[in-house]
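Notes follow the structure.
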Amino acid sequence: MLDMDYSPLLLSLKVAAISTFFVFVAGVFIAYLLAKRDFFGKSILEALFLLPLVLPPTVVGFGLLILFGKKGWIGSWLLEWFDFQIVFTWIGAVIASIVVSFPLMYQSAAAAFESLDERLSNAARTMGASEWRVFWSVVFPLAWPGLLAGLVLSFARGLGEFGATLMLVGYIPGKTDTIPMAIYFAVESGQMEKATFWVVIIITFGFSLILWVNWWSKRNIRRFTKS
Amino acid sequence: MKRFSFFTLFISLTVLLVGCSDTNETEKSGAVDREKPEAELLISAAASLTDVLEELKGPFEEAHEGITVTYNFGSSGKLATTIENGAPSDVFLSASSKDMNDMEDKELLVKESRKDFTENALVLITHKDSNRTISSFEDIDPAALDHLAVGEPESVPVGRYTKETLESLDLWESLQEKLVLGSDVRQVLTHVEMGNADYGVVYSSDAFITDDVKVLAEANAVWHEPIVYPGAVFAESKHQDAAQQFLDYLTGEEGKETLQKFGFK
């Protein structure tokens, strides 16, 4: 077991971390922009954001191939102008991961912002705080438990992403073999020991993550209610 | 006026057609009601057989009243794993003797039923719009390509044959960085069809069913183990007679013709 190739672990962590970073920034920004605002077509826009959550991975993968394939709409353009290829690279895995985990982040952030007491932000504004300051000193800290939940969910989802990734980036040992990919091919080829190893790793990881978030949010609620 | 009459014609034709198909269906379902299907065969088959078997399904069911056929397609390696782990199945149609031998060693098969029913060849393909012009496997230049799509060699038979071929040409090692491994032969085909991989190695029968790829070369049969397709009935099957009938049909005249029609040998 010790002579195992650990590259899937590192790759999975890298892909999930980078994807979570983009998803977090974009999710928080867009959710804040749309929260407490009502305009024509908002529900359609939100439905569009959440769509990857309900679509089968094969549909997401197909869509990504159409967009980012070498002959795809964006893919052919990237290739021509920047000689840059997304299919069959780990960056493709990041993109697949972003698409499937964005809905989770957006949903959590939107809920967190919606439930904030508008009077607190307004109080800050009456004291002359800029919108930037209001966001960082009032809104963000108050919404943080919700945002953290979204962050962790997105990371876990990114770590587990498989279907769309397999379709977009294929399986290239050492380059695009994330843990779910390694498990799939180990099972297919009957290497049950290898599969079990990665299954145990990913279950342990996911379990500790959820345990930690629950513990953290409980402690936080207690702190808020005490003060 | 002209348009009106055309429209009327269209409508009446549609009504006519719908009417016809309706009566057909009621007749069919009536027949099914009278004679309940005796056997529902579940056939686990190599992904490369997808189109042939779909084509054979209708005629076979028509010729064998009471037997219905359901397919489970996948790489032969994956199918072998799921079956060994207890997934129910009546017939196994594999793209490699190796997976079939494993099954036989574990005594999962009805030994006498095993029969090789067709052969295939390995071809090098590229996208139809590609301007790549090499004409032999020996001409593959690892430095001149970004991605070569092949089957995953441990679980996908076409991948194992490809590995053997490229190893006998001393290319396997130098191509390591460029290989994209597909989970079955059809995924390898898709990688090339969509123009994402420069080359791919699939069975000649797979290249046969699509217009989006062109065949550059066929592998010399001495470079790899013979690509034979063995089929067998499972010892656990509850419908062994029906399963045997399906195998007989596949190895019979009609099966052979259809296989040839789809590029098998």
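Naming: A, B, ... by sequence-line order, numbering from 1 per chain. Just so you know, these numbers use all the heavy atoms, side chains as well, and skip hydrogens, waters and symmetry mates.
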Checklist line | chain A contact via B:Thr81 - side chain, backbone, both or neither, heavy atoms under 4.5 Å | finding: side chain

Note to self: A:Trp90 and side chain to side chain contact (heavy atoms under 4.5 Å, CB included): which single residue from A:Ile95, A:Ile18, A:Asp177 fits?
What the structure shows: A:Ile18

Check: When heavy-atom pairs shorter than 4.5 Å are enumerated against chain A, which of B:Glu152, B:Met194, B:His147 gives the highest number?
Finding: B:His147

Next item on the list: Kindly say whether the aromatic ring centers of B:Phe262 and B:Phe264 come within a distance under 6.0 Å.
Entry: no

Next item on the list: Name the region of B:Ala197, side chain, backbone, both or neither, that has any atom closer than 4.5 Å to a heavy atom of chain A.
Entry: both

Check: Between B:Ser183, B:Gly77, B:Gly182, which has the largest tally of heavy atom pairs under 4.5 Å with chain A?
Finding: B:Ser183

Note to self: Quick check for you: among B:Ser155, B:Pro153, B:Ala149, which has the greatest number of heavy-atom pairs under 4.5 Å with chain A?
What the structure shows: B:Ser155

Checklist line | Pairwise side-chain contact, B:Glu104 with B:Asp99, heavy-atom cut-off 4.5 Å (strictly under) | finding: no

Checklist line | Residue part contacting chain A, namely of B:Gln187, when any heavy atom lies under 4.5 Å | finding: side chain

Next item on the list: Look at the aromatic rings of A:Phe82 and A:Trp77 and report parallel, tilted or perpendicular, splitting at 30° and 60°.
Entry: perpendicular

Next item on the list: Among the options B:His191, B:Glu154, B:Lys178, pick out the one with the most heavy-atom pairs lying under 4.5 Å from chain A.
Entry: B:His191

Next item on the list: Please report the shortest heavy-atom distance between B:Gln240 and B:Ala235, naming the atom on each side.
Entry: NE2-O, 2.9 Å

Margin query: Tell me if a side-chain donor or acceptor on B:Glu164 pairs with a main-chain N or O of B:Trp223 at a distance below 3.5 Å.
Written below: no

Item checked: Under 4.5 Å from a heavy atom of chain B, the part of A:Leu79 involved -> neither

